[in-house]
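Below you'll find the structure, written out as structure tokens, and then a few comments.
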2 protein chains.
Amino acid sequence: MAVDRDRFKDLLKEKGFKMTRQRLVVLEVLAENPEQHLTAEEIYERVKVENPDIGLATVYRTVQLLLELELIDRINLDDGFIRYEIGSIEEKEHHRYHHLICMRCGKVSAFQDDMLEALESGVREALGFQVIDHEVKLYGYCKDCLEKEHK
Amino acid sequence: MAVDRDRFKDLLKEKGFKMTRQRLVVLEVLAENPEQHLTAEEIYERVKVENPDIGLATVYRTVQLLLELELIDRINLDDGFIRYEIGSIEEKEHHRYHHLICMRCGKVSAFQDDMLEALESGVREALGFQVIDHEVKLYGYCKDCLEKEHK
DNA sequence: GTCTTTGCAAATGATTTGCAATATA
DNA sequence: TATATTGCAAATCATTTGCAAAGAC
């Protein structure tokens, strides 16, 4: 997934930000690793390969900016790190992926499902709460770990 | 919701732990504040009222112990704090509450709903992933904030 | 040239840990 | 008494921030 530089630049200008090499590179790393839920440190390591003089603080600042621009999503797997991944183009309504977290090997995978629509309208009617976004985490055992266990 | 001291003591002994005043008091604070999703610091403040000589580190250690004993649940609202609440007695299958988080006032409320059962069996069949537990967070605007906005 | 952004190092803040003193069984 | 637990203070560690230098437009 390649980054459209001009589009990115326009998006930045629109909000009064400037286009920099650092911002582009961070976005590119995330675009090249879809569904990889990288930590800031992991992004930093990958960015440093081609840009050894970038600072970790810049990665943190950039990631917050990209979040504001809604170009990336934030995921919290409760392991002490905040993780980031590029936002899916299909996510028109700004709905996040759901995550499957394996309790044995720690592997994380994502899937999409729209069945929460029903739940959300139910919540609106029963409790008067208007749902804008949701986050679902399913904990359990992945296919590989289940198969290993059966041997 | 009162704590059954003898039951708590037995549960501790079963795993080789000892019953202490501090552990009892922390559990009691959580039992007296159901669905309140307290941070360690908040638990500490409430515990200190009657036990001024307790340490914050003890609260942190106790909360981890209670988590191991599955007497309490952990909630992460992505605001930099880990929160805890007493486990519902009805939660036979160790399923957590779902949380509604207001994006305006920050209020958090909980609700229960079993509609994820269907999603979970679907995930099992389609992806071979066996779901043990789930966590759902719905972000949006609460009733009060919606009403204020309409004025 | 002006204003934003960066890199570095220092600060922050929630949580954890070492250890000697204390409490439990 | 033997072992687990506590309280305190110091350590940890991800993330944030101040500031002077460098970069974007």
Side-chain angles (χ1 to χ4, degrees), chain A residues 5-29 37-69 71-72 74-84, chain B residues 5-29 37-45 47-69 72 74-84:
Chain A
R5 292 183 187 216
D6 292 337
R7 178 116 101 186
F8 183 37
K9 192 168 180 177
D10 289 347
L11 196 59
L12 285 166
K13 196 191 294 183
E14 211 170 274
K15 309 237 175 172
F17 299 118
K18 289 177 177 172
M19 163 78 140
T20 67
R21 186 176 41 79
Q22 290 88 332
R23 284 172 179 171
L24 183 62
V25 179
V26 167
L27 180 58
E28 278 175 346
V29 162
H37 42 270
L38 302 173
T39 65
E41 195 86 34
E42 286 167 345
I43 295 168
Y44 176 57
E45 278 164 26
R46 289 168 200 231
V47 158
K48 254 200 319 195
V49 174
E50 308 212 359
N51 288 70
D53 47 349
I54 200 172
L56 178 56
T58 300
V59 173
Y60 275 103
R61 282 185 283 230
T62 302
V63 130
Q64 296 201 113
L65 180 70
L66 297 177
L67 230 29
E68 266 181 59
L69 298 176
L71 290 172
I72 63 174
R74 169 209 300 246
I75 307 137
N76 192 329
L77 265 27
D78 291 321
D79 60 353
F81 302 88
I82 300 172
R83 293 159 186 282
Y84 307 90
Chain B
R5 295 184 184 212
D6 292 337
R7 179 117 99 187
F8 183 37
K9 193 168 180 177
D10 289 347
L11 197 58
L12 286 166
K13 196 191 294 182
E14 212 170 273
K15 309 239 176 173
F17 298 118
K18 289 176 179 174
M19 163 78 139
T20 67
R21 185 176 43 80
Q22 290 88 334
R23 286 173 178 171
L24 183 61
V25 178
V26 168
L27 181 59
E28 278 175 347
V29 161
H37 41 269
L38 302 174
T39 65
E41 196 87 35
E42 286 167 345
I43 296 169
Y44 175 57
E45 277 164 27
V47 157
K48 254 201 316 197
V49 174
E50 307 213 359
N51 288 69
D53 48 349
I54 200 173
L56 178 56
T58 299
V59 172
Y60 274 103
R61 281 187 284 231
T62 301
V63 131
Q64 296 202 112
L65 180 71
L66 297 177
L67 229 29
E68 265 180 60
L69 297 175
I72 63 175
R74 168 209 301 244
I75 307 137
N76 192 331
L77 266 26
D78 291 320
D79 60 353
F81 301 89
I82 300 172
R83 293 160 185 282
Y84 306 91

Please state whether the phosphate of [N], meaning OP1 or OP2, lies under 4.0 angstrom from any side-chain nitrogen or oxygen of [X].
| X | N | answer |
| --- | --- | --- |
| Q64(A) | dT15(D) | no |
| T20(B) | dT6(D) | yes |
| R23(A) | dT5(C) | yes |
| Y60(B) | dT16(C) | no |

Do you know which two heavy atoms are closest between [X] and [Y], and how far apart they sit?
| X | Y | value |
| --- | --- | --- |
| E28(B) | R5(B) | OE2-NH2, 3.9 Å |
| N76(A) | D78(A) | OD1-N, 2.8 Å |
| L12(B) | K18(B) | CD1-O, 3.8 Å |
| L56(B) | Y44(B) | N-CE1, 3.4 Å |

From [atom1] of [X] over to [atom2] of [N], roughly how many Å is that when rounded to an integer?
| X | N | atom1 | atom2 | value |
| --- | --- | --- | --- | --- |
| F17(A) | dT5(C) | CZ | C1' | 11 Å |
| R21(A) | dT6(C) | CZ | P | 9 Å |
| F8(B) | dA25(C) | CZ | C1' | 16 Å |
| K15(A) | dC25(D) | NZ | P | 18 Å |
| L66(B) | dT5(D) | CG | P | 12 Å |
| N76(A) | dT15(D) | CG | C1' | 13 Å |
| E42(B) | dT15(C) | CD | C1' | 15 Å |
| L24(A) | dG23(D) | CG | P | 17 Å |

Using only heavy-atom distances, decide whether a donor-acceptor pair under 3.5 angstrom links the side-chain of K18(B) to the base of dA4(D). no
Starting at the 5' end of DNA chain C and moving along, which residue's nearest nucleotide shows up first, K9(B) or R83(B)? R83(B)
If you pin T58(A) and M19(B) to their nearest nucleotides in DNA chain C, which one's is more 5'?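 Nearest-nucleotide comparison on DNA chain C picks T58(A).
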[X] side chain, from C-beta outward: closest of [options]:
| X | options | result |
| --- | --- | --- |
| I54(A) | dT15(D), dT24(C), dG7(C) | dG7(C) |
| I82(B) | dC8(D), dT15(C), dG7(C) | dT15(C) |
| F81(B) | dA4(D), dC8(C), dA14(C) | dA14(C) |

Short question: side chain of N51(A), backbone of D53(A) - any donor-acceptor pair under 3.5 Å?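 Not confirmed, N51(A) side chain does not pair with D53(A) backbone.
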Hey, which sits more toward the 5' end of DNA chain D by its nearest nucleotide, G16(B) or K13(A)?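 The answer here is G16(B).
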Please classify the nucleic acid contact of Q22(B) as base, sugar-phosphate, or nothing, using heavy-atom distances under 4.0 Å.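 Since only primed, P, OP1 and OP2 atoms lie under 4.0 Å of Q22(B), the category is sugar-phosphate.
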